[in-house]
Amino acid sequence: MDGEEGITLMGQMRDDRAEKAFHFYFLTELIERLEPKEQILIRMRFYTDYAQTEVAARLGVSQVQVSRMEKRILERLRGWSPASYV
């Protein structure tokens, strides 16, 4: 396979739907590593677009706690991600 060392699956697919599916799967795998309460927070904030105050009310914590938890969770997710996704 001369001259094909730089070929990647994503490079060959170049389909927005495929790329979005890949990213969704990748993020789903990372989110599943979180504690259940953290998973709920992330899903409510970023998949259902709840405000921090709404998340706080549902989780029984303050909005400030949600903000701090969200920050810590996102830092951890970034740490688990390959450099190309940060």
Side-chain angles (χ1 to χ4, degrees):
M1 294 195 153
D2 292 329
E4 294 185 11
E5 293 96 18
I7 293 176
T8 64
L9 178 60
M10 291 308 293
Q12 293 301 305
M13 294 173 71
R14 287 293 180 224
D15 179 346
D16 286 343
R17 291 173 296 164
E19 191 167 348
K20 286 178 184 176
F22 175 79
H23 290 287
F24 179 80
Y25 176 77
F26 177 76
L27 285 172
T28 300
E29 291 291 315
L30 290 181
I31 291 168
E32 288 177 0
R33 297 165 110 186
L34 298 171
E35 296 296 321
K37 191 173 187 177
E38 295 172 329
Q39 289 181 28
I40 292 167
L41 185 150
I42 291 299
R43 288 189 173 113
M44 289 178 73
R45 287 286 291 139
F46 298 101
Y47 289 87
T48 59
D49 203 27
Y50 280 41
Q52 287 183 348
T53 53
E54 295 171 301
V55 175
R58 292 189 184 241
L59 294 180
V61 298
S62 71
Q63 178 274 323
V64 172
Q65 288 173 298
V66 168
S67 177
R68 290 177 182 156
M69 287 172 58
E70 184 178 315
K71 182 179 178 181
R72 282 193 307 267
I73 293 166
L74 292 175
E75 286 173 0
R76 196 160 2 127
L77 290 173
R78 285 185 196 104
W80 291 339
S81 301
S84 61
Y85 288 98
V86 177

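In what follows, residues are counted from 1 in the order of the sequence shown.
- At a threshold of 4.5 Å between side-chain heavy atoms, the hydrophobic network of Ile, Leu, Val, Met, Phe, Trp and Tyr places Tyr25 and Leu30 in two separate groups.
- Smallest separation of non-hydrogen atoms from Leu34 and Gln39: O-NE2, 2.8 Å.
- Environment of CZ in Arg68: sparse, with no more than 12 heavy atoms of neighbouring residues, nucleotides or ligands closer than 6.0 Å.
- When atom types are taken as modelled, the side chain of Glu29 and the backbone of Phe26 share no donor-acceptor pair closer than 3.5 angstrom.
- Rounding to the nearest 0.5 angstrom, the gap separating the CD1 atom in Ile73 from the CD atom in Glu35 is 10.0 Å.
- Arg58 meets the side-chain contact (heavy atoms from CB on, under 4.5 Å) test with Met44, Tyr50; sequence neighbours excluded.
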Check against side chain to side chain contact (heavy atoms under 4.5 Å, CB included), Leu27 and Phe46: CA-CA 11 Å; Leu27 285 172; Phe46 298 101; over 6 Å; no
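- Val64 and Val55 fall into different hydrophobic clusters, where Ile, Leu, Val, Met, Phe, Trp and Tyr are joined by side-chain heavy atoms under 4.5 Å apart, directly or via other members.
- The side-chain heavy atoms of Val61 and Lys37, taken from C-beta on, include a pair separated by under 4.5 Å.
- A distance of 11.0 Å separates OG1 in Thr48 from CD1 in Ile40, rounded to the nearest 0.5 Å.
- Scanning for side chain to side chain donor-acceptor pair (under 3.5 Å) contacts around Ser62 gives Gln65, with sequence neighbours left out.
- Closest approach of Ile31 to Ile42, counting heavy atoms only: CD1-CG2, 3.9 Å.
- For the pair Arg72 and Glu38, the salt-bridge criterion is not met [side-chain N within less than 4.0 Å of a carboxylate O].
- Residues passing the side chain to side chain donor-acceptor pair (under 3.5 Å) test with Glu70 are Arg45, Gln52, sequence neighbours excluded.
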